[in-house]
**Q** 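Can you keep this structure in mind? I'll have questions shortly.
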Amino acid sequence: MSSAYDRDKLVELFGDDPHTLAEVEREFLDTARVAEREITGTDDLAAIARVAHRLKGASGMIGAAALRQIAEAVERAAKADDLPSVRRLHGMFSQEVRRVAEQAGVDVA
């Protein structure tokens, strides 16, 4: 299975200090988990589109290509007023957040 994100991209951006990289990974995952809660906790499609857009950018920054694509699909569905598609994408979204957490060695709780 491919990597959930490109750790080399993080090293390129932040250097190879393990503590710095771990902090960036934790902050990214906190952002992803907040986004996941916001997306599942509301039917406000404008809010969902905003949080998905934010996560799309953050995912791109750390090289989490699959999560970026899912966030982009959630954003598109929300902008198209398609709540059923947003809900269908939730499982893929959650699974990909878990893959990033597992690769980073961060507790998946």
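All values below were derived from every heavy atom in this structure, side-chain atoms included, with hydrogens, water molecules and symmetry-related copies excluded.
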**Q** In plain terms, say whether D16 and R7 are close enough for a salt bridge, that is, a side-chain N and a carboxylate O under 4.0 Å apart.
**A**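 Salt bridge between D16 and R7, a charged N being under 4.0 Å from a carboxylate O: no.
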
**Q** Please give me the minimum heavy-atom distance between L21 and G15, naming the atom from each residue.
**A**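 Scanning both residues, the minimum pair turns out to be CD2-O, 3.4 Å.
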
**Q** Checking E23 now: which residues fulfil side chain to side chain donor-acceptor pair (under 3.5 Å) with it, not counting sequence neighbours?
**A**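 Partners of E23 by the side chain to side chain donor-acceptor pair (under 3.5 Å) criterion, ordered by chain and then number, come out as R26.
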
**Q** Say you draw a straight line from CD of E75 to CD1 of I70; how long is it, rounded to the nearest 0.5 Å?
**A**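 Interatomic distance, E75 CD to I70 CD1, rounded to 0.5 Å: 14.0 Å.
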
**Q** Mark yes when over 12 heavy atoms from residues, nucleotides or ligands other than H53 sit less than 6.0 Å from its NE2; otherwise mark no.
**A**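 No, the 6.0 Å shell around NE2 holds no more than 12 heavy atoms from other groups.
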
**Q** For V86 and A78, which heavy atoms make the closest approach, and how far apart are they?
**A**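 In this case the closest contact between V86 and A78 is CG2-N, 3.8 Å.
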
**Q** Quick one: pull up OG1 in T40 and CZ in F93 and give me the separation to the nearest 0.5 Å.
**A**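 Between atom OG1 of T40 and atom CZ of F93 there are 9.0 Å.
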
**Q** Got a second to check how far I39's CD1 is from D44's CG, nearest 0.5 Å?
**A**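 One finds 12.0 Å between CD1 of I39 and CG of D44.
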
**Q** Quick check: closest heavy atoms across S2 and R99, and the distance to 0.1 Å?
**A**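 Closest pair (atom of S2, atom of R99, distance): O-NH1, 2.9 Å.
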
**Q** Working to the nearest 0.5 Å, report the span between CZ of F14 and CE of M61.
**A**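 Answer for the CZ-CE pair, F14 versus M61, is 4.0 Å.
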
**Q** Heavy atoms only: give me the nearest L55-A32 pair and the separation to one decimal.
**A**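 Nearest pair, atom of L55 first, then A32: CD1-CA, 3.8 Å.
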
**Q** What pairs with K9 under salt bridge (charged side-chain N to carboxylate O under 4.0 Å, His left out), at least two apart in sequence or on another chain?
**A**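 Testing K9 for salt bridge (charged side-chain N to carboxylate O under 4.0 Å, His left out), a comparison that skips the adjacent residues, returns none.
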
**Q** Could R98 and E102 be called an ion pair, given the rule that one side-chain N must be under 4.0 Å from one carboxylate O?
**A**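 Salt bridge between R98 and E102, a charged N being under 4.0 Å from a carboxylate O: no.
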
**Q** Indicate the atoms forming the closest heavy-atom contact of Q103 with Y5, along with that distance.
**A**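 Distance-wise, the nearest heavy atoms are NE2-O, 2.9 Å.
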
**Q** Run the side chain to side chain donor-acceptor pair (under 3.5 Å) test against E38 and tell me which residues pass, sequence neighbours left out.
**A**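 For E38, no residue satisfies side chain to side chain donor-acceptor pair (under 3.5 Å) once neighbours in sequence are set aside.
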
**Q** Specify the closest pair of heavy atoms between E36 and V97, including all atoms of both residues, with the distance to one decimal.
**A**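 Residues E36 and V97, closest heavy atoms: OE1-CG1, 4.4 Å.
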
**Q** For D6, does the CG atom have more than 12 heavy-atom neighbours from other residues, nucleotides or ligands under 6.0 Å away?
**A**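 Result for CG/D6: enclosed.
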
**Q** Applying the side chain to side chain contact (heavy atoms under 4.5 Å, CB included) criterion to R87, which one of D82, V74, D43 satisfies it?
**A**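 When side chain to side chain contact (heavy atoms under 4.5 Å, CB included) is applied between R87 and each of D82, V74, D43, only D43 qualifies.
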
**Q** Measure the CG-CZ distance between L89 and R76 for me, rounded to the nearest 0.5 Å.
**A**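 Rounded to the nearest 0.5 Å, the CG-CZ separation comes out at 9.0 Å.
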
